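Single-structure report; data block below.
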Amino acid sequence: MADSAAFEILYKEYYPRVFALCRRLLLRRECAEDATQETFTRAFKTFQKYQSDKPFWHWIASIAHHHCIDQLRLRGRLQEADMSVEADLDNAASSEPLAEEVLIAGESHTQLSDAIDQLPEKYRIPFVMAYQVHLSYDEIADLLGLNRTHVGVLLLRAKLQLRSKLTESPQGESA
Amino acid sequence: MKHPTQLQLMLFAESALHPTEDASAAAEIANHLQSCEQCRSLTAALRSETRIFSKALAFEAEAQPLHAPNPDRFRKTLQLRDLTLATVVASLVTGLVQWSWKALFEELVLSALAWGTETWAPSFYALASRTFLFIQEKGADMLNNYLALLVTVLGALALFGLHRVWRRPGVFPALLLTIAGSTTLMALAPPSHALKVMSQEDEVVIAATETVNDTLVVAARDVSIHGTIEGNLFVAAENVTVTGNINGTLLAFAEDISVTGNVGGMTVAAGDSVEFESAMLGGDLWLAGDSIELDSDTVAQGNLVSGSSSLDMAGSIGRDLLAGAERVTISGDVGENVEISARRLTVSDSAQIAGDLSYRMPGADELVLGDEAIIRGEIDYKGEPENFQARNPLVHHDFYLWSVLWYFAAFLVGWLTFTALPTLTRVKLDGGKDSLKTAGIGFLTLVSVPVMALIIAVTIVGFPLAALATGGWLAVWYLAKIVVAYLIGRTIFEWRGISPNLALCLLVGLLIVTATINIPLIGAPINLVLTILGIGLIVQLWFTRAKSSSPATGNL
């Protein structure tokens with residue numbers, strides 16, 4: 001019963017964060033709700049395995065992103081990462097201002113959030129893993145079957161696209 | 001001067017370079033940053049950008065106007081399950097405590113003490129007959145209590161299995177649940193046999209006019225059967241006299257046994273004195289005692305097998321006579337062969353042996369053979385009894401027959417066991433200290449389990465547990481060499497680069513083991529070593545499995 005009470009508290013506290021993670025990975029709200037419920041159901045069944053000395057967020061986020069990636073794989077939406085044009089990265093990078101400069105001027109999280117949603121899945125998933133779940137490059141590499149450098153390439157490409165989108169968008173719209 | 005790429009700077013800024021593999025690259029970038037203002041600014045900007053991304057994503061989660069849906073489905077399931085288990089466990093514990101006091105303490109312990117004090121007597125047969133008498137009187141209660149203990153243990157196992165299946169489905173708990181549940185149901189089934197049981201302190205007499213239609217089980221000081229027993233007669237007493245008819249088997253255990261009637265089936269008798277006078281015995285005779293006598297009017301249609309101090313056979317035996325005794329006298333008829341191992345053997349003038357006479361004695365000349373004794377077969381002196389043990393077994397075909405039988409039996413048992421318990425295929429024997437550790441565990445198990453079982457069994461209450469432990473110990477002992485044989489076979493195939501096959505591994509391994517343990521002189525110590533190693537491997541595997549099947553605490 002003590003487990004049940006503790007789980008209920010954690011459930012209420014972490015539901016929004018888990019939902020946000022699922023929504024970011026799956027994009028559609030109803031899919032994210034289902035995934036969040038499934039995540040907590042799985043967590044409840046295996047709650048005895050949770051080590052209370054480690055952050056709950058790491059544990060529940062692990063269940064959530066594993067489930068979301070499985071869902072994307074089931075739907076055939078998880079695209080293979082293309083690593084063949086690494087040489088173009090520097091050329092593209094040099095022409096765009098960093099997101100920091102754009103966002104500080106615009107002070108808009110919504111603008112950035114929309115831009116993240118528009119990223120292709122092959123960039124969005126490692127991006128969310130890195131900056132929302134805070135997985136290391138090695139952990140992301142294991143999860144997606146890549147190596148650490150490939151993960152870096154995907155993240156940099158994601159950032160390049162974000163910078164590009166943020167630069168194109170009129171800053172005043174969302175400010 | 002060549003600047004690092006943005007990818008390299010990003011990996012550096014996010015501490016994503018490997019501490020050992022990319023150590024030199026990280027050092028180069030760090031050195032470069034010290035002298036390059038442009039790259040230093042870019043790295044700082046990249047770090048700042050990363051923070052902005054993290055903050056934006058976290059902000060979205062915090063800004064969600066979301067509340068978790070009603071968590072009742074978690075709560076309800078948990079409460080229902082735990083409530084059910086708590087109720088069952090509370091009932092079980094309450095019942096167990098009450099039963100433990102009454103059944104265990106009052107019945108088993110006190111009854112055992114009563115038995116111990118009642119039956120403590122110097123006479124072996126008196127002790128046996130009184131023990132039998134006690135079991136007759138109070139054994140049913142004791143057995144019922146043992147049965148209750150067994151049912152409770154199995155019930156607890158079933159609950160454990162149910163609990164495990166409920167919380168975490170798996171083959172082992174499901175199997176445990178099935179076995180425990182079905183065994184409990186079988187144990188609770190009422191007995192269907194029918195016996196007539198009689199027990200009295202002094203005397204039980206079945207009169208000449210009386211007929212018992214069932215099997216009769218009787219215990220008393222003196223037992224006299226003058227009437228007819230349609231079934232079997234099982235008797236334990238100080239004195240047993242049978243003058244009537246027993247259509248079934250006679251099983252008698254007493255100080256003095258006298259049979260002057262008819263026994264239709266087999267006769268098994270053990271006592272200080274066993275006498276047959278004008279008895280008609282339809283089946284084989286299995287006799288043991290100090291003195292065994294068959295008078296000239298006794299006729300047995302089957303074989304006579306006996307072990308005693310003295311055997312005086314004046315009657316008629318339809319088939320073979322096999323006897324081991326200090327003194328043997330044959331003055332009657334034997335329908336087939338006679339094989340005797342004795343210190344003194346006398347074949348009287350009146351003796352008739354239709355087959356061969358084989359004997360083992362200290363000397364061939366010590367056979368006293370009457371001049372008029374008739375022996376239709378050959379007389380064969382087989383040497384001293386002691387020599388038999390010392391002979392080399394390899395020259396006898398029986399040895400090879402038994403070895404082949406053992407080999408195929410071990411293969412069959414091994415194949416079935418490995419198929420039913422595929423975990424056993426995971427056994428491995430590491431070299432050096434690990435082998436010594438395995439052998440140590442095997443030796444300890446080999447020695448300690450029977451000692452512990454004996455200690456537990458002495459308390460009577462733990463007798464079923466001790467019996468289970470002993471049974472398990474014997475099974476592991478038998479399986480030990482088979483497991484080692486599998487390991488040997490598997491290793492040989494792996495050396496040759498062939499994918500191991502269970503049947504082939506066992507066939508090859510068992511062939512090697514069977515041949516090795518039968519090598520003269522060194523075979524026995526090798527047998528012991530292999531057994532110890534095998535037991536150690538099984539025990540280690542058991543503990544490894546037990547550890548790995550306990551609830552894991554690792555990350556998903």
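We name chains A, B, ... by the order of the sequence lines, and we start the count at 1 in each one. Everything numeric in this text was worked out from a predicted model, so none of it was measured.
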Legend entry - Nearest-0.5 Å distance, CG of residue Leu156(A) to OG1 of residue Thr5(B): 8.0 Å
Inset, instruction - Identify which part of His58(A) has an atom lying under 4.5 Å from any heavy atom of chain B, answering side chain, backbone, both or neither. - result: neither
Legend entry - Residues which pass salt bridge (Lys or Arg N to Asp or Glu O under 4.0 Å) with Asp138(A), listed by chain and number, not counting sequence neighbours: Arg148(A)
Legend entry - Pair Tyr131(A)-Glu14(B), side-chain contact (heavy atoms from CB on, under 4.5 Å): steps then yes or no: CA-CA 11 Å; Tyr131(A) 303 120; Glu14(B) 297 186 7; 2.6 Å; yes
Legend entry - His134(A) versus Ser54(B), closest heavy-atom pair with distance: CE1-OG, 3.6 Å
